Amino acid sequence: MKRPPRPAPPEAGELVYGLRAALATFAARPEEITSVQVDPSTSREADALLRWAASRELRVSRVTTRELTARCGTDLHEGLCVTTRPRRWITPNALSALLRADGLAVALDRVRNPYNVGSILRSAAFFGVDAAILGAQAPHPALAPMATRVAEGGAEQLSLCRTTDLADTLARLRAAGARVLGAEAGGDTPHAGLSYEGPSVLVVGHEREGLSPRVRALCDARVSIAGAGRVESLNVGVAAGVLLSALVDARARALKARGRTAPARSPRGP
């Protein structure tokens with residue numbers, strides 16, 4: 001079987017490919033872009049980015065589709081790739097402050113498939129979740145380029161926090177007043193009856209093993225999704241979308257009952 005090409009290592013930073021992902025990066029943090037690689041067939045969609053890069057005298061490489069595939073390690077680049085400086089992550093303390101005002105976050109407990117990571121980030125951004133917490137990711141310590149690609153710009157619309165000890169981070173958030181909800185098949189709380197009781201973190205677990213014992217022990221409730229019973233469970237990315245939708249709706253109802261609305265925040269920061 002022919003193996004896909006491995007991505008060339010970026011100069012010193014992060015590789016972002018895919019039209020929506022790259023253009024979202026340009027919209028959110030243009031000052032962090034250090035180079036652009038583009039297939040001429042994509043130039044029209046990336047016109048504003050290319051004109052901006054030329055005005056800043058950034059390196060713009062016009063390459064073939066094959067060359068871009070070798071650069072990205074995939075043919076899913078849609079003709080555009082940017083290299084950025086290393087992504088900035090918020091600290092757990094900043095995350096705690098963000099959640100304090102009726103905030104919502106999703107936490108990934110050993111979710112390692114970049115397609116699943118990207119899907120969760122995309123859903124979180126779509127539903128207006130404030131932040132995402134990434135536990136240990138292998139082989140990438142942060143966001144894999146494919147996760148950013150699958151997120152379709154969602155990674156730029158969330159405050160992102162990373163931790164090497166998710167259980168410890170959740171314990172600190174819980175001590176600061178956040179409610180921790182674990183996604184688990186057969187959990188004690190049905191998602192249809194989910195309530196919002198203040199700042200909350202939804203934790204989704206490993207694709208096969210689910211929540212780790214330490215993380216499960218910290219959960220104030222374990223939330224399940226009722227199905228027809230024909231298969232045992234949902235893909236973790238799909239499950240996260242269903243639960244985030246339910247949690248965001250519950251927050252909207254709770255705040256409306258108090259005569260309030262969800263706080264508006266700028267992406268990637270309190």
Side-chain angles (χ1 to χ4, degrees), residues 7 9-18 21-22 24-34 82-101 103-176 178 180 199-205 212 215 218 237 240 244 263 265-270:
E11 297 88 67
E14 181 177 331
L15 207 62
V16 180
Y17 52 76
T25 299
F26 171 50
R29 47 190 180 112
E31 73 285 350
E32 296 179 16
I33 295 175
T34 57
V82 300
T83 303
T84 74
R85 296 186 181 92
R87 183 180 294 271
R88 290 175 291 175
W89 300 76
I90 68 170
T91 65
N93 284 341
L95 176 61
S96 180
L98 175 64
L99 292 180
R100 198 168 295 134
L104 293 178
V106 60
L108 283 62
D109 179 14
R110 302 168 302 137
V111 178
R112 297 187 171 116
N113 185 313
Y115 288 88
N116 289 334
V117 174
S119 173
I120 293 166
L121 296 181
R122 183 176 182 177
S123 293
F126 178 82
F127 288 115
V129 171
D130 301 299
I133 311 166
L134 276 70
Q137 308 290 305
H140 297 273
L143 279 181
M146 183 55 75
T148 307
R149 162 69 178 86
V150 173
E152 294 277 4
E156 307 304 330
Q157 301 303 318
L158 299 165
S159 294
L160 298 177
C161 176
R162 61 181 172 183
T163 175
T164 56
D165 190 337
L166 180 60
D168 179 71
T169 299
L170 291 173
R172 294 186 184 196
L173 293 173
R174 195 167 179 255
V180 178
S200 303
V201 181
L202 172 70
V203 190
V204 294
S212 63
V215 167
L218 287 166
L244 288 173
R265 299 186 176 95
S266 60
R268 305 191 305 121

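Computed from a prediction, not measured in an experiment: that's the story for all the values here.
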- Task: Under the side chain to side chain contact (heavy atoms under 4.5 Å, CB included) rule, what do T34 and R85 come out as? Steps first, then yes or no, please.
- Result: CA-CA 7 Å; T34 57; R85 296 186 181 92; 3.8 Å; yes
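- A donor-acceptor contact shorter than 3.5 Å links the side chain of D130 to the backbone of L104.
- The CD atom of E14 lies 5.0 Å from the OG1 atom of T148; values are rounded to the nearest 0.5 Å.
- The two residues L170 and A107 come nearest to each other via the heavy atoms CD2-CB, 4.4 Å.
- A donor-acceptor pair under 3.5 Å is formed between the side chain of R174 and the backbone N or O of L218.
- Applying the side chain to side chain donor-acceptor pair (under 3.5 Å) rule to S212 yields the partners D109; only residues at least two apart in sequence or on another chain are considered.
- In terms of modelled atom types and a separation under 3.5 Å, the side chain of S96 and the main chain of P92 share no donor-acceptor contact.
- In summary, the side chains of E32 and T84 do not present any donor paired with an acceptor at a separation below 3.5 Å, with no hydrogens or angles considered.
- Distance CG/L134 to CZ/R112: 12.0 Å, rounded to 0.5 Å.
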- Task: Tell me, with the steps shown, if V204 and N116 meet side chain to side chain contact (heavy atoms under 4.5 Å, CB included).
- Result: CA-CA 11 Å; V204 294; N116 289 334; over 6 Å; no
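- By the ring pair (Phe, Tyr, Trp, His ring centres under 6.0 Å) test, F127 pairs with no residue at all, sequence neighbours left out.
- Considering all non-hydrogen atoms of both residues, T91 and C161 come closest at C-SG, 4.2 Å.
- No side-chain heavy atom of V215 sits under 4.5 Å from any side-chain heavy atom of V180.
- No donor-acceptor pair under 3.5 Å is formed between the side chain of R149 and the backbone N or O of G118.
- Taken to the nearest 0.5 Å, the CZ atom of R87 stands 4.5 Å off from the CD atom of E156.
- For D168, the side chain to side chain donor-acceptor pair (under 3.5 Å) partners two or more places apart in sequence, or in a different chain, are R172.
- The shortest side-chain heavy-atom distance between L121 and L143 falls under the 4.5 Å cut-off.
- When every heavy atom of A240 is checked against every heavy atom of I120, the shortest pair comes out as CB-CG1, 3.8 Å.
- For the pair S119 (side chain) and Y115 (backbone), a donor-acceptor distance under 3.5 Å is absent.
- Atom CG of N113 sits about 10.0 Å away from atom CE of M146, to the nearest 0.5 Å.
- Counting all heavy atoms, side chain and backbone alike, A131 lies closest to L98 at CB-CD2, 3.9 Å.
- When all heavy atoms of L166 and G135 are compared, the pair lying nearest together is CB-CA, 4.5 Å.
- Across A124 and V106, no two heavy atoms sit closer than the pair CB-CG1, 4.1 Å.
- Within the 4.5 Å cutoff, no side-chain heavy atoms of V129 are placed close to those of L202.
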